[in-house]
Colleague: 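Following this message is one structure expressed as structure tokens.
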2 protein chains.
Amino acid sequence: MDSTQLLKGVLDLAVLAVLAERDGYGYDVVRRLREAGLEEVGDASVYGTLRRLFKAGALNSYVVASDEGPHRKYYGLNDTGRRMYASYAGIWASFAATMASLVKEGHA
Amino acid sequence: MDSTQLLKGVLDLAVLAVLAERDGYGYDVVRRLREAGLEEVGDASVYGTLRRLFKAGALNSYVVASDEGPHRKYYGLNDTGRRMYASYAGIWASFAATMASLVKEGHA
DNA sequence: TGGCAGTACTGCGCAAACCACAGTAGTGTG
DNA sequence: CACACTACTGTGGTTTGCGCAGTACTGCCA
């Protein structure tokens, strides 16, 4: 992965972070991201990201019945996903540091 | 501008930051961004961003002849650009903080 | 003189990301 | 039985960043 990816795909990291804490299903991940501060994230974006990460082999998935609505498709990190998470987190941290120094020098 | 923009358009902020320090022309902005740590930024992206920001009314532009090659099209921030820069910088800072807390809790 | 490297910019077309919106389907309430 | 809430899928659109090709100007060197 080149750092091109993170100029865009920040959502991947956010979703991985949320799932690293504990498994979750789509609707739940949306709520947790919004509570964490990403208030304007669209639901379709999250579902799309989950499908993409699953397709990339980073997540496992299992269906659980629910009392309060339709079944829930849970997702969780597997080994690949944990490695991906660690990698993305590192890349993002250094990218954020770069941006911070760039912006600070211009002193806002 | 909704914060959708900064999930992508981080380059806008980077270019604004570089130009806030001092005026620059395309090729020069590319070099300064790369020196600052954004090593993989494509030249076409920067030129595109400059044109976009100019079209959005954030930059002024003037042409200067050069001894070592073709003319140079300099860009600099105007009032709109400075306001935009301050605004983007704030939005990005809070976004970065949000991401940092998300990633930290999952403890990488 | 011709060719090549370096500087500086433009234009085209692509892939990916995020989103809005619409649709499907299950459960519980009045 | 309509309606609200939960939960997911699919479609199409806009924007971004990029690779690549092309233009053009200068200076160097054989």
Side-chain angles (χ1 to χ4, degrees), chain A residues 1-16 18 23-34 38-56 58-59 61-75 88 91-92 95 99, chain B residues 1-16 18 23-34 38-56 58-59 61-75 88 91-92 95 99:
Chain A
M1 192 207 99
D2 53 357
S3 74
T4 293
Q5 288 309 321
L6 56 53
L7 293 170
K8 347 184 194 184
V10 199
L11 234 196
D12 287 29
L13 174 58
V15 168
L16 289 170
V18 162
D23 288 9
Y25 53 97
Y27 216 72
D28 175 53
V29 172
V30 171
R31 267 191 302 236
R32 282 156 73 190
L33 287 174
R34 292 200 174 136
L38 300 178
E39 284 157 39
E40 308 194 33
V41 71
D43 57 335
S45 309
V46 174
Y47 285 112
T49 300
L50 287 170
R51 276 177 256 170
R52 193 153 27 81
L53 289 173
F54 178 73
K55 204 174 164 192
L59 306 180
S61 167
Y62 48 100
V63 171
V64 178
S66 163
D67 302 354
E68 339 162 7
H71 67 92
R72 293 167 172 171
K73 196 187 277 182
Y74 274 78
Y75 290 97
Y88 278 31
I91 293 171
W92 191 81
F95 175 74
M99 286 301 296
Chain B
M1 190 209 94
D2 52 359
S3 75
T4 293
Q5 288 309 320
L6 55 56
L7 293 170
K8 350 186 193 184
V10 198
L11 235 196
D12 287 28
L13 174 58
V15 167
L16 289 170
V18 162
D23 289 9
Y25 54 97
Y27 215 71
D28 174 53
V29 172
V30 171
R31 267 191 302 238
R32 283 157 71 191
L33 287 175
R34 291 199 175 137
L38 301 177
E39 283 157 40
E40 308 194 35
V41 71
D43 57 335
S45 308
V46 173
Y47 284 112
T49 300
L50 286 169
R51 277 178 255 169
R52 194 153 26 81
L53 289 174
F54 179 73
K55 204 174 161 192
L59 306 180
S61 168
Y62 48 99
V63 172
V64 177
S66 164
D67 300 355
E68 339 161 9
H71 66 90
R72 293 166 171 172
K73 197 187 275 181
Y74 275 78
Y75 290 97
Y88 278 33
I91 293 171
W92 191 81
F95 175 75
M99 287 301 296

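To find a chain, count down the sequence lines: A is the first, B the second, and so on, and within it residues start at 1.
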Colleague: Could you check how far CG of A:Asp43 sits from P of C:dC19, rounded to whole Å?
Modeller: 9 Å

Colleague: Send over the distance from A:Phe95 CZ to D:dG17 C1', rounded to a whole Å.
Modeller: 12 Å

Colleague: With respect to the phosphate group of D:dT15, does any side-chain polar atom (N or O) of B:Arg52 fall under 4.0 Å of OP1 or OP2?
Modeller: no

Colleague: Check every atom of C:dC19, D:dG17, C:dC9 against the side chain of A:Val41 and return the nucleotide holding the closest atom.
Modeller: C:dC19

Colleague: Looking only at heavy atoms, which two atoms of A:Tyr25 and A:Arg31 are closest? And how far apart?
Modeller: OH-NH2, 3.4 Å

Colleague: On DNA chain D, does the nearest nucleotide to B:His71 precede the nearest nucleotide to B:Gly42 from the 5' side, or the other way round? Give the residue.
Modeller: B:Gly42

Colleague: What is the distance from NZ of B:Lys55 to P of C:dG11, rounded to the nearest Å?
Modeller: 11 Å

Colleague: Enter the distance from A:Arg51:CZ to A:Leu59:CG here, rounded to the nearest 0.5 Å.
Modeller: 13.0 Å

Colleague: Let me know, please, whether A:Ala44 or B:Lys73 comes out on the 5' side of the other along DNA chain C by nearest nucleotide.
Modeller: B:Lys73

Colleague: Among C:dC18, D:dC8, D:dC25, which nucleotide has an atom closest to any side-chain atom of A:Asp12?
Modeller: C:dC18

Colleague: Output the single nucleotide from D:dC8, C:dA8, D:dC20 whose closest atom is nearest the side chain of B:Arg72.
Modeller: C:dA8

Colleague: For A:Val46 and for B:Gly69, locate the closest nucleotide of DNA chain C by heavy-atom distance; then report the residue assigned to the nucleotide nearer the 5' terminus.
Modeller: B:Gly69

Colleague: Angle between ring planes, A:Phe54 versus A:Tyr75, binned at 30° and 60°: parallel, tilted or perpendicular?
Modeller: perpendicular

Colleague: Are A:Tyr25 and D:dA7 close enough that a side-chain N or O sits under 4.0 Å from OP1 or OP2?
Modeller: yes

Colleague: Side chain of B:Pro70 only, heavy atoms from C-beta on: which candidate in D:dA7, D:dG10, D:dC25 is closest?
Modeller: D:dC25

Colleague: Where the side chain of A:Ser66 is defined as all heavy atoms beyond and including C-beta, which of D:dG10, D:dC20, D:dA7 is the nearest nucleotide?
Modeller: D:dA7

Colleague: Could you tell me whether the phosphate oxygens of D:dC8, OP1 or OP2, come under 4.0 Å of any side-chain nitrogen or oxygen in A:Tyr47?
Modeller: yes

Colleague: Quick one: B:Tyr74 OH to C:dA8 P, roughly how many Å, whole number?
Modeller: 8 Å

Colleague: Which residue is it: B:Leu50, B:Asp43, B:Val15, B:Val18? I am looking for the one with a side-chain contact (heavy atoms from CB on, under 4.5 Å) to B:Val30.
Modeller: B:Asp43

Colleague: Let me know the distance between CZ of A:Arg51 and C1' of C:dC19, rounded to the nearest Å.
Modeller: 13 Å

Colleague: Can you tell me the distance, in whole Å, between the CG atom of A:Asp28 and the C1' atom of D:dA7?
Modeller: 11 Å

Colleague: In whole angstrom, give the distance that lies between atom CG of B:Asp67 and atom P of C:dA8.
Modeller: 11 Å

Colleague: Just how far, in rounded Å, is P of C:dT27 from OH of A:Tyr27?
Modeller: 17 Å

Colleague: Run the side-chain contact (heavy atoms from CB on, under 4.5 Å) check on B:Leu11 and B:Leu33 step by step: do they pass?
Modeller: CA-CA 10 Å; B:Leu11 235 196; B:Leu33 287 175; 4.1 Å; yes

Colleague: What distance do A:Arg32 atom CZ and A:Leu38 atom CG have between them, rounded to the nearest 0.5 Å?
Modeller: 13.0 Å

Colleague: Give a yes/no answer on whether the side chain of A:Arg31 brings an N or O atom under 4.0 Å of OP1 or OP2 in D:dA7.
Modeller: yes

Colleague: Would you indicate which nucleotide in D:dA7, D:dG17, C:dC18 comes nearest to any side-chain atom of B:Thr49?
Modeller: D:dG17

